[in-house]
Engineer: 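Once you've had a glance at the structure underneath, I'll fire off some questions.
In this text the structure is predicted, and so the values were computed from the model without any measurement.
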Amino acid sequence: QVRLVESGGGVVRTGGSLRLSCAASGGTLKDYDRIGWFRQVPGKEREGISCIILGDGSTYYADSVKGRFTISRDNAKNTVYLKMNDMTPEDRAVYYCATGQTDCPSMLHTTTPLALMDYWGKGILVIVSS
């Protein structure tokens, strides 16, 4: 089992910044070398927004967040971060981190993320006030 725990959510003003963390643990974590961030707005599908390869640090972004969000990792802490800058009300969502055996581009383009990914965090709410 892999356990993923998100933290760092909350309320931020439009144009502001927030950093989310995803702490990973579990005996089988070594079998996964990538972690993705997803978000979901009520009434909409969960979408992949960013992914990182834990080994070489390669990063991937959806167009909706490219240039504003930065994903990074601290392998010593088994933690992946998502720094969100220049936030807008459209960024309001529940944010999840997840891991699976699929490649990062597939994580960002999948229409069935729940079926694709093996482990999910419980999610954390981010609110952007105007």
Engineer: How far does CD1 of Ile127 sit from CG of Asp91, to the nearest 0.5 angstrom?
Structural biologist: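 Between atom CD1 of Ile127 and atom CG of Asp91 there are 13.0 Å.
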
Engineer: Between Arg34 and Thr102 (side chain of the first, backbone of the second, donor and acceptor by atom type, cut-off under 3.5 Å), is there such a pair?
Structural biologist: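 Yes; at least one donor-acceptor contact below 3.5 Å.
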
Engineer: Taking all heavy atoms of Ala98 and all of Leu4, pick out the closest pair and write down the distance.
Structural biologist: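 Shortest heavy-atom contact: CA-CD1, 3.6 Å.
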
Engineer: State the CD-CG distance between Gln40 and Leu114, to the nearest 0.5 angstrom.
Structural biologist: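 Reported value, rounded in 0.5 Å steps: 7.5 Å.
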
Engineer: Are Val65 and Ile53 co-members of a hydrophobic cluster defined by side-chain heavy atoms under 4.5 Å apart?
Structural biologist: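 Cluster IDs for Ile53 and Val65 differ.
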
Engineer: Closest approach of Pro113 and Thr111, non-hydrogen atoms and distance?
Structural biologist: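 Closest heavy-atom pair between Pro113 and Thr111: CD-C, 3.4 Å.
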
Engineer: Taking side chain as C-beta onward, heavy atoms only, is Lys122 less than 4.5 Å from Val5?
Structural biologist: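 Not touching, per the 4.5 Å side-chain cut-off.
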
Engineer: Measure the CD1-CD1 distance between Ile52 and Ile35 for me, rounded to the nearest 0.5 Å.
Structural biologist: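 Result: 9.0 Å between the selected atoms.
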
Engineer: What is the minimum heavy-atom distance between Leu116 and Ser106, and which atoms define it?
Structural biologist: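 Where Leu116 meets Ser106 most closely, the heavy atoms are CD2-O, 3.8 Å.
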
Engineer: For residues Trp37 and Phe69, establish whether the separation of their ring centroids is below 6.0 Å.
Structural biologist: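 Ring centres of Phe69 and Trp37 not closer than 6.0 Å.
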
Engineer: Give, for atom CG of Leu82 and atom OH of Tyr61, the distance between the pair rounded to the nearest 0.5 Å.
Structural biologist: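 OH of Tyr61 is found 7.5 Å from CG of Leu82.
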
Engineer: What I want to find out is whether Arg39 reaches Glu47 closely enough, with some N-O distance under 4.0 Å, to be called a salt bridge.
Structural biologist: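 Salt bridge flag = yes for Glu47 with Arg39.
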
Engineer: Say you draw a straight line from CE of Met107 to OG1 of Thr99; how long is it, rounded to the nearest 0.5 Å?
Structural biologist: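 Reported to 0.5 Å precision, the distance equals 5.5 Å.
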
Engineer: Closest approach of Gly121 and Tyr96, non-hydrogen atoms and distance?
Structural biologist: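 For Gly121 and Tyr96, the tightest heavy-atom pair comes out as O-CD2, 3.6 Å.
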
Engineer: Between Asn75 (side chain) and Leu54 (backbone), is there a donor-acceptor pair under 3.5 Å?
Structural biologist: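 At least one qualifying donor-acceptor pair exists.
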
Engineer: Please confirm whether the backbone N or O of Cys97 pairs with a side-chain atom of Glu6, one donor and one acceptor, at under 3.5 Å?
Structural biologist: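 Here the side-chain-to-backbone pair exists.
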
Engineer: Checking Val126 against Met87 for the side chain to side chain contact (heavy atoms under 4.5 Å, CB included) test, could you report, in this order, the C-alpha distance in whole Å, the side-chain angles of both residues, the deciding distance, and whether it holds?
Structural biologist: CA-CA 10 Å; Val126 171; Met87 299 186 72; 3.6 Å; yes

Engineer: Looking at OG1 of Thr14 and CZ of Arg92, how far apart are the two atoms once the value is rounded to the nearest 0.5 Å?
Structural biologist: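 One gets 11.5 Å once the value is rounded to the nearest 0.5 Å.
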
Engineer: Quick test of your reading: applying disulfide (SG to SG under 2.5 Å), list the pairs with at least one residue in residues 47-87, sequence neighbours left out, ordered by first then second residue.
Structural biologist: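 Applying disulfide (SG to SG under 2.5 Å) to every pair that reaches into residues 47-87, excluding sequence neighbours, yields Cys51-Cys104.
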
Engineer: For Asp118 and Gln101, what are the C-alpha separation, side-chain angles and deciding distance, and is it a side chain to side chain contact (heavy atoms under 4.5 Å, CB included)?
Structural biologist: CA-CA 8 Å; Asp118 293 337; Gln101 298 289 357; 3.8 Å; yes

Engineer: Quick one: ring pair (Phe, Tyr, Trp, His ring centres under 6.0 Å) partners of Tyr95, sequence neighbours excluded?
Structural biologist: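 So Tyr95 forms no ring pair (Phe, Tyr, Trp, His ring centres under 6.0 Å) with any residue.
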
Engineer: Quick one: closest heavy-atom pair of Ser130 and Pro89, and the distance?
Structural biologist: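 For Ser130 versus Pro89, the nearest heavy atoms are CB-CG, 4.3 Å.
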
Engineer: Take a 6.0 Å sphere around CZ of Arg68 and say whether it holds more than 12 heavy atoms from other residues, nucleotides or ligands.
Structural biologist: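 Yes, the 6.0 Å shell around CZ holds more than 12 heavy atoms from other groups.
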
Engineer: Output a table of donor-acceptor pairs, distance under 3.5 Å, between side-chain atoms of residues 15-24 and any protein atom two or more places apart or on a different chain; print 'none' if there are none.
Structural biologist:
unit_1, atom_1, unit_2, atom_2, d
Ser17, OG, Asn85, OD1, 2.8

Engineer: Between the main-chain N or O of Tyr60 and the side-chain N or O of Ser50, is there a donor-acceptor pair closer than 3.5 Å?
Structural biologist: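 Confirmed, Ser50 side chain pairs with Tyr60 backbone.
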
